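Data first, discussion second: the structure below is written as structure tokens.
Below, each value reflects all heavy atoms present in this structure, side chains not excepted, and no hydrogens, waters or symmetry copies. In this text, all values refer to a predicted model and were calculated from it rather than measured experimentally. In what follows, chains are A, B, ... by sequence order, proteins preceding strands, each numbered from 1.
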There are 2 protein chains.
Amino acid sequence: MRKVVNNGAIPLLCASCEGRSTGVCSALDCDQLVELAEASRKTAAKSGAALLGEAERIDRYANILSGVVKLTKTLSDGRQQIVGLQFAPDFLGRPFRSESTLNAEATTDVTLCSFPKDAIERMMRESPELERRLYRQALNELDEARDWMVTLGRKTASEKIASLLLMIAHHVGPSTVAGRNSARFDLPLTRADIADFLGLTIETVSRQLTRLRNDKIICIENNRLIIVPDLRRLNARAGN
Amino acid sequence: MRKVVNNGAIPLLCASCEGRSTGVCSALDCDQLVELAEASRKTAAKSGAALLGEAERIDRYANILSGVVKLTKTLSDGRQQIVGLQFAPDFLGRPFRSESTLNAEATTDVTLCSFPKDAIERMMRESPELERRLYRQALNELDEARDWMVTLGRKTASEKIASLLLMIAHHVGPSTVAGRNSARFDLPLTRADIADFLGLTIETVSRQLTRLRNDKIICIENNRLIIVPDLRRLNARAGN
DNA sequence: CGCGGGTTTGAATCATGTCAAGTTAAGTGG
DNA sequence: CCACTTAACTTGACATGATTCAAACCCGCG
């Protein structure tokens, strides 16, 4: 196993880590960080790579360092639904369960920092801080899931699209914002992904996107780069 | 404040409590139970009573002792979506947040055992057991929410109805089951509630229910009592 | 240059929503 | 015990938003 230097400060590996300040690791002190770092592994995955299969055994958890991961569920006849999107520095994994109930797949190139399941679970028992941090993330994911239930159940196709764009704009952060009310970002999802997320077909997604473009609510460049000149107008379309 | 006898055993109030063995209280030891019992309050609410409003201040949490509670969200134009159903002995409340982001309403007559927010939060800090118990419930609710996202996004109206009946059959428990594969239960929801839960209209709900009845998958008595002679056939209709 | 994945667009179809009557069941008061 | 009211539910006819199927488009890449 790789040696990690502990000079009384945080491990070298973590010093430059994007997840250090905002991810679950922020709940750990130096000693714990060292311990975890010893067992950790940085990995990269290409867009489209499966990270976790339904009914697969879980033996590692991971922090997302960069990129976007989609969580999906599939019905027996192939219909698919994305049930969550995770952005850096989210924690990936479902404690207290040995089998996954969903699929995780990279929708962009991603980098992960993964740990053995039992290391995390031991530290959770020792550190209420860590457990609380994970508990909070679970509650946030629950809030998000419930927001999406409203979107899925009660919004029209165009409202769904607008809501998704808005959500992504928030998640990529207020980076690339000129004047607080505009946004500009690369879609981390294909049309098919968007359809799976919103419970629509790719055709409907496409049509609604061109509608938003025709109405000058958004500009689309290269099919993937989205520019929102006025987030308030987009918000009005989202039905909130 | 009411005095609770502590003879070294569990408080009298809790001794006969339905939530004692299975609810969050099961994570507490005698002393903690006594402490919580001192601040607790048993209340009853009629079907239809609002328990918690959106954007309302949260100052108490509660255990559901009996009955069913619906959690709803509403769009500005009045469209409503049920984002969760809670059955006894679920814990009602959203830790780490002072304002509610949803409405809670009794869909049947319910009895609750409520506690001040800060009492729970203090005990959570003192008892990792309790925090873990709540964390687990949050994860379960998250799993359920994600299952419903699939239902809302990808299932047809009749599959939605079948899924809901199945879910309720599971929740009321294997009580009233003759031979493991049949079920018989009172619907704790009106047609309007069902519609709000499944993202449908009451008319569609009604039509699909009569379709299931015509196909002999279910019997409906008094509009509320549902009998499922063969759960497997219902399951086949649910699209799993 | 052609090939393939991702995307857009069009026309026809279908599931669900909308609107409008009915029906049933449970009170309520005479 | 019987009209009357009311809420919840069912049913029908019609409208419409989204899907389906089919074709064309775009663009990077070998």
Side-chain angles (χ1 to χ4, degrees), chain A residues 46-48 70 75 77-81 105 107-108 151-165 186-215 218-226 237 239, chain B residues 46-49 70 75 77-81 105 107-109 151-165 186-215 218-226 237 239:
Chain A
K46 282 275 165 208
S47 167
K70 66 178 180 189
L75 295 175
D77 62 357
R79 281 173 290 177
Q80 209 179 43
Q81 175 71 43
E105 185 178 316
T107 56
T108 65
T151 301
L152 287 172
R154 288 298 181 201
K155 290 191 183 174
T156 65
S158 43
E159 288 172 333
K160 285 180 181 179
I161 297 285
S163 302
L164 177 64
L165 294 179
D186 253 318
L187 268 186
L189 303 171
T190 65
R191 301 291 189 267
D193 284 334
I194 297 176
D196 280 349
F197 196 36
L198 299 176
L200 300 171
T201 59
I202 55 175
E203 294 95 330
T204 306
V205 170
S206 183
R207 279 186 249 272
Q208 298 303 333
L209 278 173
T210 62
R211 199 142 89 75
L212 284 176
R213 191 187 49 202
N214 289 340
D215 295 355
I218 60 173
C219 301
I220 307 178
E221 236 144 79
N222 287 334
N223 277 343
R224 280 300 187 90
L225 177 65
I226 303 286
R237 286 296 190 97
Chain B
K46 282 273 162 208
S47 167
K70 66 179 181 190
L75 295 175
D77 62 358
R79 280 174 289 177
Q80 208 179 44
Q81 175 70 44
E105 185 178 315
T107 56
T108 64
D109 293 350
T151 300
L152 286 173
R154 289 297 181 202
K155 291 191 182 174
T156 65
S158 42
E159 288 173 332
K160 287 180 181 181
I161 298 285
S163 302
L164 176 65
L165 293 180
D186 253 318
L187 268 185
L189 302 172
T190 64
R191 301 293 188 264
D193 283 335
I194 297 176
D196 279 349
F197 196 36
L198 299 175
L200 300 170
T201 58
I202 54 176
E203 293 94 333
T204 305
V205 170
S206 183
R207 279 187 250 270
Q208 299 303 333
L209 278 173
T210 62
R211 200 144 87 76
L212 284 176
R213 190 187 50 203
N214 289 340
D215 295 354
I218 59 173
C219 301
I220 306 178
E221 234 145 79
N222 287 333
N223 279 342
R224 281 300 187 92
L225 176 67
I226 304 286
R237 287 297 191 98

Would you indicate what B:Leu200 reaches in the nucleic acid, counting non-hydrogen atoms under 4.0 angstrom: base, sugar-phosphate, or nothing? sugar-phosphate
Whole Å only: how far is the CD atom of B:Gln208 from the C1' atom of D:dC9? 15 Å
Hey, does B:Arg211 reach any base, or is it just sugar-phosphate, or nothing, if we go heavy atoms under 4.0 Å? nothing
Quick one: which of A:Asp196, A:Thr107, A:Asp193 gives a side-chain hydrogen bond (donor to acceptor under 3.5 Å, both in side chains) with A:Lys70? A:Asp193
Nucleotide C:dT16, atom C1' - distance to NZ of B:Lys160 in whole Å: 10 Å
Whole-Å distance separating the CG atom of A:Leu187 from the P atom of C:dG6: 15 Å
Looking at B:Ile202, is its backbone amide N or carbonyl O close enough to the side chain of B:Ser206 to form a donor-acceptor pair, meaning the two atoms are under 3.5 Å apart? no
For B:Asp196 and D:dA8, what is the distance between atoms CG and C1' respectively, to the nearest whole Å? 15 Å
Applying a 4.0 Å non-hydrogen cut-off, can you work out what B:Ser206 is touching in the nucleic acid: base, sugar-phosphate, or nothing? base
B:Asn222 side chain near D:dA8 phosphate (N/O to OP1/OP2, under 4.0 Å): no
Nearest-Å distance, CD1 (B:Ile202) to P (C:dT16)? 16 Å
May I have the distance from B:Leu209 (atom CG) to D:dA8 (atom P), rounded to whole angstrom? 16 Å
Residue mapping more 5' on DNA chain D - nearest nucleotide basis, A:Lys155 or B:Leu189: B:Leu189
Among residues at least two apart in sequence or on other chains, which ones pass side-chain hydrogen bond (donor to acceptor under 3.5 Å, both in side chains) with B:Arg237? B:Asp215
Side-chain heavy-atom pair A:Leu200, A:Gln208 within 4.5 angstrom cut-off: no
From D:dT20, C:dT8, C:dT16, nucleotide with atom closest to A:Thr201 side chain: D:dT20
Select base, sugar-phosphate, or nothing to describe what B:Gly48 touches, counting heavy atoms under 4.0 Å on all strands. nothing
Identify which nucleotide among D:dA18, C:dT8, D:dT11 has an atom closest to any side-chain atom of A:Thr204, counting heavy atoms from C-beta outward. D:dA18
Counting distance alone, no hydrogens or angles: does the base of D:dC21 have a donor or acceptor under 3.5 Å from a partner atom on the side chain of A:Glu203? yes
With respect to the side chain of A:Arg191, which nucleotide from D:dT20, C:dT7, D:dA18 is positioned closest? C:dT7
When you check the phosphate oxygens OP1 and OP2 of D:dA7, does a side-chain N or O of B:Thr190 lie under 4.0 Å from one of them? no
Kindly indicate whether the side chain of A:Arg207 and the base of D:dG17 share any N or O donor-acceptor pair separated by less than 3.5 Å? no
d(B:Glu159 CD, B:Thr151 OG1) to nearest 0.5 Å is 9.0 Å
Rounded to whole Å, how long is the line connecting atom CZ of B:Arg224 with atom P of C:dA25? 14 Å
Integer-rounded Å distance: C:dT7 P and A:Glu221 CD: 16 Å
